[in-house]
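Here the structure is laid out as structure tokens; the discussion comes afterwards.
For clarity, every value in this text was computed on a predicted model and none was experimentally measured. The analysis underlying the following values was restricted to heavy atoms, covering all of them including side chains, and did not include hydrogens, waters or symmetry mates.
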Amino acid sequence: MATAKKQAKDELLPTSTSAGVKNLVATKDVTIRGNVQNGQLMGLALITPTKQMKTTAGKKQFGTTFALLGTSLDAKPKYVIKKFEKVLKDAKKKSTSTTTKTIYSNGVRFNTGFSTDHLYIYMTK
């Protein structure tokens, strides 16, 4: 277990962090940003390059990360991913919008935003 943790240390969320908005994980494929206030996690942002979503491996990694973060917040990952797929399809139809409908699961809100080169998913309780 110690070896696995050491190998994946750049991909694991920290067990504690100081207050404020901080990048908790930052790799070339994904950034997880957290907002911590008074020792409480207020929200997470999952940020991934849009080019990552154009490959099968990239989609798989994104889906896994998205599901794990949702599960850690007590959301239902299968439900959220199904709704998220619909949100992406709707966003392609309305290519002028940079935001989408909010997805709700077990008291967790998932908001999606787009820029020219990144996909943003904001998770708040």
Could you pull out the closest heavy-atom pair between Thr50 and Thr116, with the gap in Å? OG1-O, 3.8 Å
Closest approach of Asn35 to Gln37 (non-hydrogen atoms, all atoms of both residues): OD1-NE2, 2.8 Å
With a 4.5 Å cut-off on side-chain heavy atoms, are [Y] and [X] touching?
| X | Y | result |
| --- | --- | --- |
| Leu46 | Met123 | yes |
| Ile103 | Val87 | yes |
| Val36 | Lys22 | no |
| Lys78 | Val80 | no |

Quick check for you: to the nearest 0.5 Å, what is the distance between [X] atom [atom1] and [Y] atom [atom2]?
| X | Y | atom1 | atom2 | answer |
| --- | --- | --- | --- | --- |
| Lys59 | Thr55 | NZ | OG1 | 8.0 Å |
| Thr112 | Lys101 | OG1 | NZ | 12.5 Å |
| Phe62 | Gln52 | CZ | CD | 10.0 Å |
| Leu69 | Ile32 | CG | CD1 | 4.5 Å |
| Thr48 | Lys28 | OG1 | NZ | 10.0 Å |
| Leu41 | Leu24 | CG | CG | 8.0 Å |

For Phe110, the option from Tyr122, Tyr120, Phe66 that meets ring pair (Phe, Tyr, Trp, His ring centres under 6.0 Å):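 Only one of Tyr122, Tyr120, Phe66 forms a ring pair (Phe, Tyr, Trp, His ring centres under 6.0 Å) with Phe110, namely Phe66.
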For Asn111 and Thr102, which I'm curious about, is there any donor-acceptor pair between the side chains at under 3.5 Å? yes
Do the side-chain N and O atoms of Asp29 and Thr27 include a donor-acceptor pair separated by under 3.5 angstrom? no
Side-chain ion pair, Asp74 and Lys125, N-O less than 4.0 Å: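 Yes, this pair counts.
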Applying ring pair (Phe, Tyr, Trp, His ring centres under 6.0 Å) as the test, list every pair that has at least one member in residues 22-49; sequence neighbours left out.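 Passing the test, one end in residues 22-49: no pairs.
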Check whether any side-chain N or O of Ser115 sits under 3.5 Å from a backbone N or O of His118 as a donor-acceptor pair, and report yes or no. yes
Is there a donor-acceptor pair under 3.5 Å between the side chain of Ser105 and the backbone N or O of Lys76?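 Judged by distance alone, yes, a pair lies under 3.5 Å.
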Hydrophobic cluster membership, Ile47 vs Leu73, 4.5 Å side-chain cutoff: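 Each belongs to a different hydrophobic cluster.
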Please tell me whether Tyr79 and Leu44 are part of a single hydrophobic cluster in this structure, the criterion being side-chain heavy atoms less than 4.5 Å apart. yes
Looking at Met53, I want to see if its CE is surrounded by more than 12 non-hydrogen atoms of other residues, nucleotides or ligands under 6.0 Å. yes
